[in-house]
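Numbering of residues begins at 1 and proceeds along the displayed sequence. For ligands, and for the atoms within them, numbers begin at 1 and follow the listed sequence.
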Amino acid sequence: MKTFQDFDLPKSLQKAIDTLGLTTPTPIQEKALPVILSGRDMMGIAQTGTGKTFAYLIPILKQWKFQTTDSPRVVILVPTRELVVQVQEELEKLVQFMSVRVAGVFGGVNINTQRKAVAEGVDILVGTPGRTMDLALDGVLRFDALQKLVIDEFDEILNLGFRFQITSILTMMKDKKQNILFSATMTEEVDEILDEYFDFPEEVSLAPSGTPLEKIEQFVYHVPNFLTKVNLLKDLLVRNDNMERILVFVNNKKLVDTTFDLLDEDFAGQFGVIHSNKSQNYRLNTMASFQRGELRGLITTDIMARGLDISDITHVINLQFSEVPEQYIHRIGRTGRADKEGTAISMVSPQEEEILIEAELLMEKELKAMDLPDYIEISEKKLDFEKDRRKFKTIGKPIKREEKGDAFHEKKDKNKKVNLGGPGKRTPRKTAPRNRAVEAKRAAKRKKGK
Ligand code: AMP
């Protein structure tokens with residue numbers, strides 16, 4: 001096991017750590033340290049109590065060099081006044097043998113005292129987003145010497161409605177700085193801001209690494225549309241008592257709600273949702289009842305599930321296939337227990353066939369195709385997102401008569417994996433473009449399927 005001695009910290013910092021009686025880094029500290037020291041942007045998923053504060057303070061202080069600037073080189077944004085005080089206290093303990101000027105700023109108190117403290121010169125500023133923004137707009141707080149920005153408890157900052165303040169502060173800061181972000185959970189709003197303001201921060205999390213693929217049984221049903229998928233899921237839930245701890249994935253939070261409503265009709269009280277619109281407390285309570293076995297399943301999206309320590313899953317159900325193939329592997333890695341196999345069941349509509357093939361190529365493994373039982377009611381109704389897709393496709397590229405015919409025959413041939421797509425069929429990929437080898441393999445496979 002690593003100790004703090006292994007990190008080769010400067011004497012003054014090591015002495016402070018010794019004085020605090022700390023010997024071994026916590027897991028998040030061990031993981032975050034090398035990433036922060038490398039200078040890359042980082043997104044850490046860690047809850048309070050994991051040692052996350054020292055996980056960013058220690059590497060920042062390890063690299064500390066004396067410089068004569070009066071505006072802060074490090075800004076740490078946290079959601080509440082209490083947390084400003086707490087982080088400031090921890091920071092002061094760590095710098096007790098160094099010469100680093102620390103200041104904490106937060107709302108609800110007279111701004112003039114804080115204005116004066118900032119004007120006198122600060123090296124590391126800890127603040128709430130509102131007061132930090134006010135001081136910056138005021139001109140007294142400048143970001144010209146800024147090297148590192150830390151946003152701690154990012155999800156909570158957004159839950160408290162500080163989005164505007166955060167984005168304003170980001171706009172006032174120069175781009176060339178290291179961004180270190182921490183969040184207890186990954187919400188859609190956090191993800192959105194990450195996308196807009198940060199370049200691919202390295203993700204550091206404590207979530208257990210996934211179950212190896214060999215231990216997961218993977219099935220696929222080819223199903224015409226979403227509501228039919230729900231009918232099939234309901235049937236599986238009735239027939240299989242061993243579906244005890246289920247994670248149901250869809251691709252957006254609106255469908256999380258829709259799915260919840262539909263399942264709740266027949267399985268009242270058995271499912272919960274992990275929802276970015278709900279408070280942190282609600283999410284933690286839902287998680288806790290799931291862990292205690294009071295809920296049979298959770299309905300979620302990739303973003304909402306990220307960072308959640310959900311274990312012991314018997315079945316992962318993909319009511320919608322993931323939008324990128326890597327995500328599929330992440331999802332199914334959630335199933336499986338220490339000594340047992342896990343089961344992943346995907347329900348794939350014609351529009352999702354191509355991405356299924358991509359995932360199979362990535363894993364070099366095919367999903368086992370299951371026949372849709374003929375008593376499952378085929379819904380004629382399409383949900384809005386299914387209608388939109390078609391409209392978009394037609395506008396994007398008119399389908400010629402012959403092509404339509406081909407597609408129809410291919411569609412009828414249920415067991416073949418076919419590519420029915422044209423341009424504009426899928427949402428843009430978030431990952432790097434496929435490499436040539438995969439591209440070629442994919443083409444070969446498609447050809448074989450025809
Ligand atoms: P945090 O998750 O940052 O709120 O930290 C939770 C508590 O753990 C704080 O009281 C820290 O002082 C303490 N702590 C942080 N790192 C360590 C460590 N490596 N060993 C023991 N305690 C620690």
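Every atom of ligand 1 is numbered from 1 in the order shown, and the set under 4.0 Å from a heavy atom of T53 is 1 (P), 3 (O), 4 (O). In the vicinity of E90, heavy-atom distances shorter than 4.0 Å reach the ligand 1 atoms 9 (C), 11 (C), 12 (O). In summary, the atoms of ligand 1 found under 4.0 Å from a heavy atom of T26, numbered by their order in the structure, are 17 (C), 18 (C), 19 (N).
Within a 4.0 Å radius of atom 19 (N) of ligand 1, the protein contributes one or more non-hydrogen atoms. Counting protein heavy atoms under 4.0 angstrom from atom 7 (C) of ligand 1 gives zero.
For Q96, there are no side-chain hydrogen bond (donor to acceptor under 3.5 Å, both in side chains) partners, not counting sequence neighbours. With sequence neighbours excluded, no residue satisfies side-chain hydrogen bond (donor to acceptor under 3.5 Å, both in side chains) with E196.
Taking the six-membered ring wherever Trp is involved, the centroid distance between the rings of F182 and Y56 falls below 6.0 Å.
Considering only non-hydrogen protein atoms, atom 23 (C) of ligand 1 sits nearest to L22 CD2, 3.8 Å. The protein non-hydrogen atom at the shortest distance from atom 17 (C) of ligand 1 is Q29 NE2, 3.8 Å.
Contact annotation: for T24 versus ligand 1, heavy atoms closer than 4.0 Å belong to the backbone alone.
A cation-pi arrangement is not found for K368 relative to F219, the charged atom failing to lie both closer than 6.0 Å to the ring centre and inside a 45° cone about the ring normal.
Taking 4.0 Å as the cut-off between side-chain N and carboxylate O, D384 and K387 count as a salt-bridged pair. Look at E202 and R40 and you find a salt bridge, because one of the NZ, NE, NH1 or NH2 atoms lies within 4.0 Å of a carboxylate O, short of that distance.
Rounded to the nearest 0.5 angstrom, I216 CD1 and T343 OG1 are separated by 9.5 Å.
When the heavy-atom distances from atom 14 (N) of ligand 1 to F4, Y56, F54 are ranked, the shortest goes to F54.
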